[in-house]
S.K.: 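Please read through the structure below; I'll follow up with questions.
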Amino acid sequence: MPVTRMSRLFGRTLREAPADADSANHQLLLRSGLIVQLAAGVYSFLPPAWRTLRKIEQIVREEMEAAGSQEMRMPAIQPRELWEESGRADSYGPVLFNLKDRRERTMVLAPTHEESVTDLFRKIVQSYRDLPQSVFQMQTKFRDEPRPRGGLVRVREFIMKDAYTFDVDDDAFQLTYNAMRQAYYNTFERCGVPVVAVQADSGAIGGKQSEEFIFLTEIGEDNIILCSCCGYAANQERAEFTRGQPAGTVGELEEVETPGVTTIEGLAEFLDIPAQSTAKAAFFLVDGQPTFAVIRGDLEVNELKLINALDALEARPLLPEEVEAAGWVAGYASPIGVDPARVIADPSVVEAGGLVAGANRVGMHARNVTYGRDWTAATVADIGMAQPGDACTECDDALKMQRGIELGHIFKLGTRYADPMEATFLDADGERRTPIMGCYGIGIERLMAAVVQANHDELGIVWPRSVAPFDVHVVPLGGGDDVTAALSQIESQLSEAGLQVLSDDRDERAGVKFNDADLLGAPLRVTIGSRGLTQGQIELKLRRDAEPTPVPLDSAAEAALAALASLDG
RNA sequence: CGGAGCGUGGCGCAGCUUGGUAGCGCACUUGACUGGGGGUCAAGAGGUCGCCGGUUCAAAUCCGGCCGCUCCGACCA
């Protein structure tokens, strides 16, 4: 393997990070000259970064193949009709990069490949004898994200590993899913990034159950609810929680004057009652329909749960004028008298008994508002947002919340795509059946960012050996004949041993070379200087260690291999 | 899409309020010295000050419009 010369390396290190970079990984990736931004959410990956990305890809590839998946390739350019067939042209619409070919036909740049693979399935698979099937691809995908951010964390053009599986039934699927789940743990472990699997919402991909593999870090963009007692972990989007003691009252419905009181906090204070004794109304436009959501006053509505409970596609808070048009009084709204078909209630208000709610008149609230007696809702469902401190549904311990980055997401798709696209097979009885699909994604560049975030210090990156762009960073000091001779000996011994070697052949001072070596973060540094050579010694230093170790020049290569081997354990 | 901020040499920034020859640090080139944690000295190269328009004798600076980038939110594997 040829030695890479620092003087020839395409890219430069920076002493100061560009002002745009916020997180440690983004700053280090820029400072070390690994990535260069071209546009918002669009980056170039210079040679060392590309080496790392290929190593990550290879780990992913090995684990996918070990799980029985076959690598393949699918088109990035696709006719928009394919997306209309699955029904996602609209739901995924704004994220799709659209383009027209010379015949004015509308094409899209694929953001993901469920449609493509389902199309392939129906063209290829006819019999249960052909199942199960598992394929994967690592390709560039394109998403016109509303807001790229965090360096490589959310970008618009990125490599994604996606695997897709097809099984004859739920039982068979579960085996496939479990194997993939294990492959995910293996993959992240090998890349040196700790992850936690959490229950998640399946979002625009669709389907029934899904789990995200989260790297917990303060720079993450997802909120993760965790129970340190029993291990429950879920994205806040769908986390469940116990609602605590109801604080309802018993009595006749009666109105009470509450001038100027329009918030739950104000109401609780004005009437000297706990927020748990109040009902909160929140108004949403759900798939175009004004919807009245009711939840206990101390809780917040989780819009995603709301959408899922109503089997809807989208929701947003109503604008003030829309609230008025619906006949509701912001700040004093009451579910009493509202068409139950437009009301959705959280169990917290149903179970509580009498609560203080609005009276649908400015300046008036009502006491003892009781579900079932005074009002009802067509839908009663969990629409509450779990918060840190809420009780775990499994063990009643207090839940915690941490930020995290979603590195992988695995889904049970069920028949979400096979149904609309009419992908079927014949079973042993000659009956036409629909395959149970799964899909399994990993963002490759995002994973690299997580590797850096999880493996750095104040001086630079500390690459895990498995994905380091170079195994060894050789630093010759001075250009004396003794150094030159030892350098050439070491370089050839290390590269003949199969190591990837970066050699700093620049005429720079020691400090400059050491700082760049720390920044670039190769696991092992080999320092060759006259000072040591007079005793026949060179120095080895693991990047993660503070101090170098002198070793005899003659056995330096073996010592280097041993030092690297010590990292793999 | 709503809110905030920023666009001046490769990177980090000053200059703008009060219009008048575009500056500093790092990096880069050449030379000398130096040589184990971003060294010193000397001499250099490099910028239509994001773009377009306006005001003015004169615009980086004032005014209008647009574009780009970042952050918060919305949204989003």
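Throughout, protein chains are lettered first and strands after them, A, B, ... in sequence-line order, and every chain is numbered starting at 1. What you see is a predicted model; the values in this text were computed from it and never measured.
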S.K.: On a whole-Å scale, what distance lies between the P atoms belonging to B:C6 and B:G64?
M.R.: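 To the nearest whole Å, 16 Å.
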S.K.: Taking B:C49 as the reference, what is the distance to B:G23 when you measure between their P atoms (whole Å, please)?
M.R.: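 My reading of the P atoms in B:G23 and B:C49 gives 14 Å.
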S.K.: Using Watson-Crick or G-U wobble geometry with both distances under 3.5 Å, which nucleotide pairs with B:G47?
M.R.: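 When the pairing criteria are applied, nothing turns out to pair with B:G47, so the answer is none.
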S.K.: Tell me which nucleotide, if any, is Watson-Crick or G-U wobble paired with B:A77 when both distances must be under 3.5 Å.
M.R.: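 Pair assignment: B:A77 / none.
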S.K.: Between B:G38 atom P and A:M6 atom CE, what is the distance in whole Å?
M.R.: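 So the two atoms are 16 Å apart, to the nearest Å.
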S.K.: Using atom C1' in both nucleotides, what's the gap between B:C51 and B:C28 to the nearest angstrom?
M.R.: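 Comparing C1' positions in B:C51 and B:C28 gives a spacing of 28 Å.
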S.K.: Any strand is fair game: report the nucleotide pairing with B:C57 by Watson-Crick or G-U wobble, both distances under 3.5 Å, or none.
M.R.: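 Partner of B:C57: B:G20.
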S.K.: Which one, B:G37, B:C11, B:G38, comes nearest to the side chain of A:P18?
M.R.: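 Looking only at side-chain atoms, A:P18 lies closest to B:C11.
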S.K.: State the pairing partner of B:U40; accept Watson-Crick or G-U wobble contacts with both distances under 3.5 Å, and report none otherwise.
M.R.: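 Its partner is B:A32.
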S.K.: Return the nearest nucleotide to the side chain of A:R12; candidates are B:G35, B:C28, B:G12.
M.R.: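 Within the option list, the nearest is B:C28.
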S.K.: Looking at B:A77, B:C71, B:G36, which one has an atom nearest to any side-chain atom of A:D22?
M.R.: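 So the nucleotide nearest the side chain must be B:C71.
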S.K.: I'd like to know if A:R154 pairs up with A:E145 as an ion pair, taking the criterion as any Lys NZ or Arg NE/NH1/NH2 lying under 4.0 Å from an Asp or Glu carboxylate oxygen.
M.R.: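 Looking at A:R154 and A:E145, the cut-off is met.
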S.K.: Indicate whether any N or O donor in one side chain lies under 3.5 Å from an N or O acceptor in the other, for A:N223 and A:N235.
M.R.: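 The answer is no; no qualifying pair exists.
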S.K.: Which part of the nucleic acid, if any, lies within reach of A:G478 when heavy atoms closer than 4.0 Å are counted: base, sugar-phosphate only, or nothing?
M.R.: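 Since no nucleic acid heavy atom lies under 4.0 Å of A:G478, the category is nothing.
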S.K.: Using a cut-off of 4.0 Å on non-hydrogen atoms, how would the nucleic acid contact of A:E237 be classed: base, sugar-phosphate, or nothing?
M.R.: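 Nothing, no nucleic acid heavy atom in range.
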S.K.: What is the distance, to the nearest angstrom, from the CD atom on A:Q236 to the P atom on B:C76?
M.R.: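 Going from A:Q236 (CD) to B:C76 (P), I get 15 Å.
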S.K.: Salt bridge or not between A:K280 and A:E300? Use side-chain N to carboxylate O under 4.0 Å.
M.R.: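 Yes, A:K280 and A:E300 are salt-bridged.
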S.K.: At under 4.0 Å between heavy atoms, what does A:A21 touch on the DNA or RNA strands: base, sugar-phosphate, or nothing?
M.R.: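 No contact at all - A:A21 keeps every heavy atom at 4.0 Å or more from the nucleic acid.
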S.K.: Return the nearest nucleotide to the side chain of A:T13; candidates are B:G36, B:G38, B:C75.
M.R.: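 Output: B:G38.
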S.K.: Looking at B:C71, which nucleotide sits across from it as a Watson-Crick or G-U wobble partner, both distances under 3.5 angstrom, or is there none?
M.R.: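 Because both required distances fall under 3.5 Å, B:C71 counts as paired with B:G3.
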S.K.: Step by step, work out the side chain to side chain donor-acceptor pair (under 3.5 Å) result for A:Q70 and A:S134.
M.R.: CA-CA 6 Å; A:Q70 304 171 67; A:S134 177; over 6 Å; no
S.K.: Under 3.5 Å, side chain of A:S86 to main-chain N/O of A:Y417, donor-acceptor pair present?
M.R.: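 Not a single qualifying donor-acceptor pair exists.
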S.K.: On a whole-Å scale, what distance lies between the C1' atoms belonging to B:A58 and B:A22?
M.R.: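 Here B:A58 and B:A22 have their C1' atoms 16 Å from each other.
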S.K.: Let me know the distance between CG of A:L96 and P of B:C76, rounded to the nearest Å.
M.R.: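 After rounding, the reported distance stands at 14 Å.
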S.K.: Check every strand shown and say whether A:D516 touches a base, only sugar-phosphate, or nothing at a heavy-atom separation below 4.0 Å.
M.R.: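 Result for A:D516 = base.
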S.K.: Relative to the ring of A:F173, is the ring of A:Y177 parallel (under 30°), tilted (30 to 60°) or perpendicular (over 60°)?
M.R.: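 Geometry flag for A:F173 against A:Y177: tilted rings.
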S.K.: Looking only at atom P, what distance separates B:A14 and B:G9, rounded to whole Å?
M.R.: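 Looking at atom P only, B:A14 and B:G9 are 13 Å apart.
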S.K.: Could you say whether A:R156 or A:G511 is positioned toward the 5' end of RNA chain B, judged by the nucleotide with the nearest heavy atom to each?
M.R.: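 The residue closer to the strand's 5' end, by nearest nucleotide, is A:G511.
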S.K.: At less than 3.5 Å, do the side-chain atoms of A:D507 and the base atoms of B:G35 form a donor-acceptor pair?
M.R.: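 Between B:G35 and A:D507, which were checked side chain against base, a qualifying N/O pair under 3.5 Å is present.
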S.K.: Using only heavy-atom distances, decide whether a donor-acceptor pair under 3.5 angstrom links the side-chain of A:R509 to the base of B:G38.
M.R.: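 Side chain to base: no pair below 3.5 Å.
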S.K.: Report yes or no: is there a donor-acceptor pair, N or O only, under 3.5 Å between the side chain of A:R525 and the base of B:G36?
M.R.: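 No, the side chain and the base share no sub-3.5 Å donor-acceptor pair.
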S.K.: Using the side-chain heavy atoms of A:Y92, tell me which of these nucleotides is nearest: B:A77, B:G37, B:G38.
M.R.: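 Selected nucleotide: B:A77.
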S.K.: What nucleotide among B:G36, B:A77, B:G12 has an atom nearest to a side-chain atom of A:T527?
M.R.: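 Between B:G36, B:A77, B:G12, the one nearest the side chain of A:T527 would be B:G36.
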S.K.: Please walk me through it: do A:D505 and A:S503 pass side chain to side chain donor-acceptor pair (under 3.5 Å)?
M.R.: CA-CA 6 Å; A:D505 59 333; A:S503 187; over 6 Å; no
S.K.: Could you let me know what B:C26 is paired to, Watson-Crick or G-U wobble, both distances under 3.5 Å, or none if it's on its own?
M.R.: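 For B:C26, the partner nucleotide comes out as B:G10, under the 3.5 Å rule.
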S.K.: Checking contacts here: which listed nucleotide (B:G25, B:A77, B:G37) is nearest the side-chain heavy atoms of A:R143?
M.R.: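 Of all the options, the side chain of A:R143 is nearest to B:A77.
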S.K.: Which whole number of Å gives the distance between the C1' atom of B:A27 and that of B:C11?
M.R.: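 One C1' to the other, the span is 7 Å.
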S.K.: Before we go on, tell me: are the rings of A:Y164 and A:F136 under 6.0 Å apart, centre to centre?
M.R.: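 No, they do not, as the ring centres are separated by 6.0 Å or more.
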S.K.: How close or far is atom C1' of B:A4 from atom CG of A:D20, stated in whole angstroms?
M.R.: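 These atoms are roughly 15 Å apart.
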S.K.: Please tell me which of the listed nucleotides, B:G36, B:A77, B:A74, lies nearest to the side chain of A:R149?
M.R.: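 Per side-chain heavy atoms of A:R149, the pick is B:A74.
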S.K.: Could you tell me whether the side chain of A:E539 has a donor or acceptor atom within less than 3.5 Å of a complementary atom in the base of B:G36?
M.R.: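 Counting by modelled atom types and ignoring angles, a donor-acceptor contact under 3.5 Å is found here.
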S.K.: Counting side-chain heavy atoms from CB outward, which of B:C72, B:G38, B:G37 is closest to A:K541?
M.R.: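 The nucleotide sitting nearest to the side chain is B:G37.
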S.K.: Once you apply a heavy-atom cut-off of 4.0 Å, does A:P317 come out as touching a base, just sugar-phosphate, or nothing?
M.R.: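 The answer is nothing, as A:P317 stays clear of every strand by at least 4.0 Å.
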S.K.: Using a heavy-atom cut-off of under 4.0 Å over every strand shown, decide if A:G443 touches base, sugar-phosphate, or nothing.
M.R.: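 Base contact - A:G443 has a heavy atom under 4.0 Å of at least one base atom.
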S.K.: Classify the nucleic acid contact of A:G11 as base, sugar-phosphate or nothing, counting any heavy atom under 4.0 Å across all strands shown.
M.R.: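 No contact.
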S.K.: Does A:G408 reach a base, just sugar-phosphate, or nothing at all? Heavy atoms under 4.0 Å.
M.R.: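 Answer is nothing: A:G408 stays at 4.0 Å or more from every strand.
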S.K.: Just N and O in the side chain of A:R15: are any of them under 4.0 Å from OP1 or OP2 of B:A27?
M.R.: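 For B:A27, OP1/OP2 do have a side-chain N/O of A:R15 under 4.0 Å.
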S.K.: Tell me the interatomic distance from A:E145, atom CD, to B:U70, atom C1', rounded to whole angstroms.
M.R.: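 Distance, rounded to whole Å: 16 Å.
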S.K.: Report which part of the nucleic acid A:N515 touches: base, sugar-phosphate, or nothing (heavy-atom distance under 4.0 Å, all strands).
M.R.: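 Base contact - A:N515 has a heavy atom under 4.0 Å of at least one base atom.
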S.K.: Reading RNA chain B from 5' onward, which residue's closest nucleotide shows up sooner: A:A39 or A:I444?
M.R.: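 Comparing both residues, the 5'-ward one is A:A39.
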S.K.: Roughly how far apart, to the nearest Å, are B:C24 and B:G15 at atom P?
M.R.: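 It comes out at 15 Å once rounded to the nearest Å.
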S.K.: Once you measure the plane-to-plane angle for A:W328 and A:F292, does it fall in the parallel (<30°), tilted (30-60°) or perpendicular (>60°) bin?
M.R.: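 Perpendicular: the ring planes of A:W328 and A:F292 meet at over 60°.
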S.K.: Give one of base, sugar-phosphate or nothing for A:V512, where a contact means two heavy atoms less than 4.0 Å apart.
M.R.: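 Here A:V512 touches the bases of the nucleic acid.
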S.K.: Nearest to the A:P146 side chain among B:A77, B:G36, B:C75, which nucleotide is it?
M.R.: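 Between B:A77, B:G36, B:C75, the one nearest the side chain of A:P146 would be B:C75.
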S.K.: Can you tell me how far P in B:G19 sits from the matching atom in B:G10, rounded to whole Å?
M.R.: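 Here B:G19 and B:G10 have their P atoms 30 Å from each other.
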S.K.: Can a side chain N or O of A:R147 be found less than 4.0 Å away from OP1 or OP2 on B:C72?
M.R.: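 Yes, because at least one side-chain N or O of A:R147 sits under 4.0 Å from OP1 or OP2 of B:C72.
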S.K.: Go through the steps to decide whether A:H113 and A:K141 satisfy the test side chain to side chain donor-acceptor pair (under 3.5 Å), and finish with yes or no.
M.R.: CA-CA 9 Å; A:H113 284 77; A:K141 308 208 176 187; 3.0 Å; yes
S.K.: Could you tell me the separation between the CD atom of A:E300 and the P atom of B:G73, rounded to a whole number of Å?
M.R.: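 In whole Å, B:G73 P and A:E300 CD are 15 Å from each other.
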S.K.: Whole angstrom is fine here: how far is it from CZ in A:R154 over to C1' in B:A77?
M.R.: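 One finds 7 Å between C1' of B:A77 and CZ of A:R154, rounded.
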S.K.: When the distance from CG of A:L306 to P of B:A74 is rounded to whole Å, what number comes out?
M.R.: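 So the two atoms are 15 Å apart, to the nearest Å.
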